Amino acid sequence: MTRLVTRPSDLDLDSPGRRDYWVALEHDSIWGEHLIPLTVLVGANVEPGRGLVAFGSNHGNEYEGPVALKHLLREIKLDDVQGRIILVPVLNPSAFHAGTRESADDGVNLNRAFVEGAGVTAALASITHRIAAFVRDQIWPRVHVVIDLHSGGDVARFSPCASFHSLDDPEQLRVIEDTARWFGTPLIMVYQNQTPGLLPSEAERLGKITVGTELGWGRAVNAEGVRYGRQGVLAAAIHHGQLRGEIQPIAHHKAGTQRKVALVDRECFTVAPFAGHYEPLLECGASVECGDVVGWLHDFDHIDTEPWAARAGVAGVVVAQAWVAPIQRGQHIVVVGREC
Ligand SMILES: [Zn+2]
């Protein structure tokens with residue numbers, strides 16, 4: 001199998017067949033290229049503007065998505081593809097190879113880079129904004145289903161979830177929620193839509209069926225997380241007409257134990273009032289009442305003081321907590337979703 005080094009403008013994402021590319025975007029600092037692995041499988045029934053794209057490594061230190069998609073590169077057979085499937089296991093190679101959340105070359109967070117002028121204006125011309133421009137120019141016009149596989153990185157441990165924003169269009173929202181449920185994760189999460197520059201927000205605004213995930217944390221590979229990611233992508237491809245086949249529900253979806261939670265108001269997020277060290281008392285996924293102590297924040301500079309109680313701001317489910325023990329002042333150390 002040959003994987004061709006190709007400029008974005010020379011990609012063929014439309015002709016029937018399978019093509020494996022290294023999408024080459026010019027490097028900012030060396031004489032060379034950033035190489036994004038992209039495999040496209042196009043079936044005989046492909047329609048303009050229709051297809052599924054799945055991204056891994058939007059952030060560089062999240063590994064379940066890249067691993068799940070790397071498996072799917074080999075598992076999905078061209079003969080079974082009806083429409084168009086685009087797999088991008090590592091969307092941000094600069095961050096992935098550095099093992100960091102932001103790109104190593106320009107320090108930009110790709111999931112904040114989908115802003116006006118990205119990759120077009122001189123002030124936003126470094127690699128991360130040019131990746132956003134590549135997605136806008138080449139991918140968005142060809143897909144109606146967008147899967148963006150994230151994990152918690154160093155920031156937070158999670159109860160694995162498939163996530164989306166609350167949207168005005170009830171039909172789009174219904175289809176997105178159903179697509180999210182098929183991942184099989186214990187939680188389905190609806191989250192606030194205030195953060196600018198998110199890849200999924202832009203896809204949603206364009207009317208696409210868009211699902212994000214948190215499949216693990218701590219720069220490790222969580223076995224369940226990989227399974228959820230693989231299942232969610234395959235189910236979306238089958239249910240949205242891009243892949244032939246049958247699929248059965250798994251895990252919490254199959255068992256009927258999935259819980260839907262909302263993270264939309266400020267009270268869901270408990271903010272660290274000082275820099276310290278975090279000790280969890282509960283696991284993610286635990287049910288809590290408003291005011292329950294979820295963990296302690298310790299101040300080792302004032303070692304004889306009582307730890308500060310990190311309390312649930314609302315009644316619901318502990319969705320996430322700080323992972324790495326050292327905590328910055330202002331960090332969200334406990335995140336509780338309201339059941340809905
Ligand atoms: Zn991420």
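In this text, all values refer to a predicted model and were calculated from it rather than measured experimentally. Side-chain atoms are counted along with the backbone in the values below, which use heavy atoms only and exclude waters and symmetry mates. Whatever order the structure lists them in is the order used to number ligands and atoms, beginning at 1.
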My understanding is that only residues two or more places apart in sequence, or in another chain, count here; which of them pass side-chain hydrogen bond (donor to acceptor under 3.5 Å, both in side chains) with Arg18? Asp20
Give the ring-plane orientation class for Phe300 versus His277, where under 30° counts as parallel, over 60° as perpendicular and anything between as tilted. perpendicular
Carefully, step by step, assess Arg84 and Glu47 under the rule salt bridge (charged side-chain N to carboxylate O under 4.0 Å, His left out). CA-CA 8 Å; Arg84 177 178 8 233; Glu47 293 173 50; over 6 Å; no
Near the Zn ion (ligand 1), which protein N/O/S atoms fall under 2.8 Å? His59 ND1, Glu62 OE1, Glu62 OE2, His150 ND1
List for me each residue that meets side-chain hydrogen bond (donor to acceptor under 3.5 Å, both in side chains) alongside His240, sequence neighbours excluded, and say none if there are none. Thr179
Do the rings of His332 and Phe269 sit parallel, tilted or perpendicular, given the 30° and 60° boundaries? tilted
Can you list, by chain and residue number, the hydrophobic cluster partners of Trp217 when the side-chain cut-off is 4.5 Å? Trp323, Val324
